[in-house]
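Below: the structure, in structure tokens.
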Amino acid sequence: MQLRNIPQDIKQYLIVTGNYWAFTLTDGALRMLVVLYFHQLGYNPLEIAMLFLFYEIFGVVTNLIGGWLGARIGLNRTMNIGLGIQIVALLMLVVPTHWLTVPYVMAAQALSGIAKDLNKMSAKSAIKAIVKSGEEGTLFKWVAILTYSKNALKGVGFFLGGLLLTLLGFTGAMWSMAIMLLLVWLFSLISLKSDLGKAKSKPKFSDVFSKSRAINMLSAARLFLFAARDVWFVVALPVFLSQQFGWDHWWVGGFMATWVIGYGIVQSTTPRFISRDTFASTPSKVSGWALYLAAIPLLIAISLQAQLWTSLAVVGGLLLFGFVFAINSSLHSYLIVSLADSDGVSLDVGFYYMANAIGRLLGTVLSGWIFLEYGLVACLVVSSVMLLLAGIISCRLPRRV
């Protein structure tokens, strides 16, 4: 099919998705660069976690306001705003090393957090505007593909961050990513023209808070799901691999990248091994998958505490965790798009990803603090408890969408 024969809305969505991919690549690389570079400078795990504090806090605010903004002005505009802000955030880090104080880097990360969630909200919300009502199988597939591609590129970004730090240094890496994203941003300003996802009526700001019990329950479960991942994945795991296993930047970045890419592949294939009748009963499946997931970090913690097969427990356990977590995340991503109101979809999606951002914030801070004070085993135990909470909350979801 020639490009000119593709419907305009789908063209716009494809451009939004391409922008999201480019942004995600820089976002993954930036996170790995900050973790590894500041660990190299001598920052302890809690200090490194604090560098991401504003990233997550402003992500919470952005998802809440961004959904309302997208419904009012269109998702194309929120996407372009996010791209522009990320370029500024990258250029803020192109400064002499002695300028890179904790408050300064936190400010740059705050801008990056705003940019990331504007892009995510825009891309995820656009799907609802394209898929016809009632085509739940198609909706599940499109959401899974978008989520897979995002995570695959984020994984590549982790590897790219370690590679750029080794080859170009921290400043050179910032320059290269800023220039690449600037070219994407200029193309986006020219190409994105339609008001995709714009609500028919101007929503009030009070509409940002969801009035749907199902979305509130799903958002609460999402909060604990992602807090459970990040409490050991964001800071504790990379530092543990570097300190305990003696891995260099290439190995840490490459392993984390492989995990995220594999996690994304599982997300993309979830619709293939989830039966068709599950599309109507997905809420009843979410709780069970969360409870399965809760057992994995607990088993890894037991192995580490007993000092049995430490390397196998961490590496193999992480791979298994990624597989089951990917299924959980894919079901969640499908459900929020399915449950969201078609008119002004970004309002519900924004509220949901606000809860997601709160979970990441909680997990990130706890990852640095718990690892510093008690070690990786404690992070894993806390992760298991959070997953149990996610499973219990999911029991309150409606039986059918």
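These values consider heavy atoms only, across backbone and side chains, with no hydrogens, waters or symmetry-generated copies. For the single chain, residues carry numbers from 1 onward in sequence order.
Aromatic ring pairs are classed by plane angle as parallel below 30°, tilted from 30° to 60° and perpendicular above 60°; the pair Tyr352 and His332 is tilted. Taking the six-membered ring where the residue is Trp, Tyr292 and Trp289 present perpendicular rings, their angle passing 60° and hence far from 30°.
The number of heavy atoms from other shown groups lying within 6.0 Å of CD (Gln307) does not exceed 12. The number of heavy atoms from other shown groups lying within 6.0 Å of CZ (Phe54) does not exceed 12. Atom CH2 of Trp259 has more than 12 neighbouring heavy atoms from other residues, nucleotides or ligands inside a 6.0 Å radius.
Taking all atoms of both residues into account, the shortest heavy-atom contact from Ser112 to Asp27 is OG-OD1, 4.0 Å. Between Thr171 and Val94, the closest heavy-atom pair is CG2-CG1, 3.7 Å. Considering all non-hydrogen atoms of both residues, Leu165 and Tyr37 come closest at CD1-CD1, 3.9 Å. Residue Gly162 comes nearest to Leu36 through the heavy atom pair CA-CD1, 4.3 Å, listed as atom of the first residue, atom of the second, then distance. Across every non-hydrogen atom of Ala221 and Ala390, the tightest pair is O-CB, 3.7 Å. Contact between Thr62 and Phe58 at its shortest, heavy atoms only, is OG1-O, 2.6 Å.
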Quiz item: When you look at Trp175 and Leu90, which way does the side chain to side chain contact (heavy atoms under 4.5 Å, CB included) test go after all the steps?
Solution: CA-CA 8 Å; Trp175 272 116; Leu90 291 170; over 6 Å; no

Self-check item: Phe321 vs Arg229, side chain to side chain contact (heavy atoms under 4.5 Å, CB included): CA-CA, chis, key distance, verdict
Solution: CA-CA 9 Å; Phe321 182 89; Arg229 182 198 66 177; 4.2 Å; yes

Quiz item: side chain to side chain contact (heavy atoms under 4.5 Å, CB included) between Tyr104 and Val95: does it pass, once the steps are laid out?
Solution: CA-CA 11 Å; Tyr104 183 83; Val95 294; 3.6 Å; yes

Practice problem: Apply the test side chain to side chain contact (heavy atoms under 4.5 Å, CB included) to residues Met174 and Met92: give CA-CA distance (whole Å), side-chain angles for both, the deciding distance (0.1 Å), then the verdict. | Solution: CA-CA 9 Å; Met174 294 301 114; Met92 281 183 66; over 6 Å; no

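Distance check, rounded to the nearest 0.5 Å: CG of Leu182 to CD1 of Ile87 gives 5.0 Å. Atoms CG and CZ, from Leu189 and Arg77 in turn, are 11.5 Å apart once rounded to the nearest 0.5 Å. Once rounded to the nearest 0.5 Å, the distance linking CG of Asn119 with CD1 of Ile81 reads 10.5 Å. The line from CD1 of Ile300 to CH2 of Trp309 is 14.5 Å long, rounded to the nearest 0.5 Å. Rounded to the nearest 0.5 angstrom, Phe371 CZ and Ile48 CD1 are separated by 10.0 Å. Put simply, CZ on Arg222 and CG on Leu218 are 8.0 Å apart, with the number rounded to the nearest 0.5 Å.
Under the 4.5 Å side-chain criterion, counting only non-hydrogen atoms from C-beta, Thr166 is not in contact with Leu163. The shortest side-chain heavy-atom distance between Met354 and Asp117 does not fall under the 4.5 Å cut-off. Side-chain contact between Leu225 and Leu293 is present, with at least one heavy-atom pair separated by less than 4.5 Å. The shortest distance between side-chain heavy atoms of Leu237 and Leu318 falls below 4.5 Å. Side-chain atoms of Leu387 and Phe224, non-hydrogen and from C-beta on, never get closer than 4.5 Å to each other. Taking the side chain as every heavy atom from C-beta outward, Phe170 and Phe38 approach each other to under 4.5 Å. Using a 4.5 Å cut-off on side-chain heavy atoms (C-beta onward), Asn356 and Leu223 make no contact. In this structure, Phe240 and Val314 have side chains that are in contact, with non-hydrogen atoms separated by less than 4.5 Å.
With hydrogens and angles ignored, the 3.5 Å screen pairs no side-chain donor or acceptor of Thr310 with any backbone N or O of Leu304. In this structure, Ser384 contributes its side chain and Ala294 its backbone to a donor-acceptor pair below 3.5 Å. Looking only at distances, no side-chain donor or acceptor of Ser287 sits under 3.5 Å from a matching main-chain atom of Ser394.
At a cut-off of 3.5 Å, with distance as the only test, no side-chain donor of Ser367 or Asp230 sits close to an acceptor on the other residue.
A cation-pi geometry, defined here as NZ or CZ lying under 6.0 Å from the six-membered ring centre and within 45° of its normal, holds between Arg31 and Tyr55.
Here Phe233 and Phe325 keep their ring centres 6.0 angstrom or further from each other.
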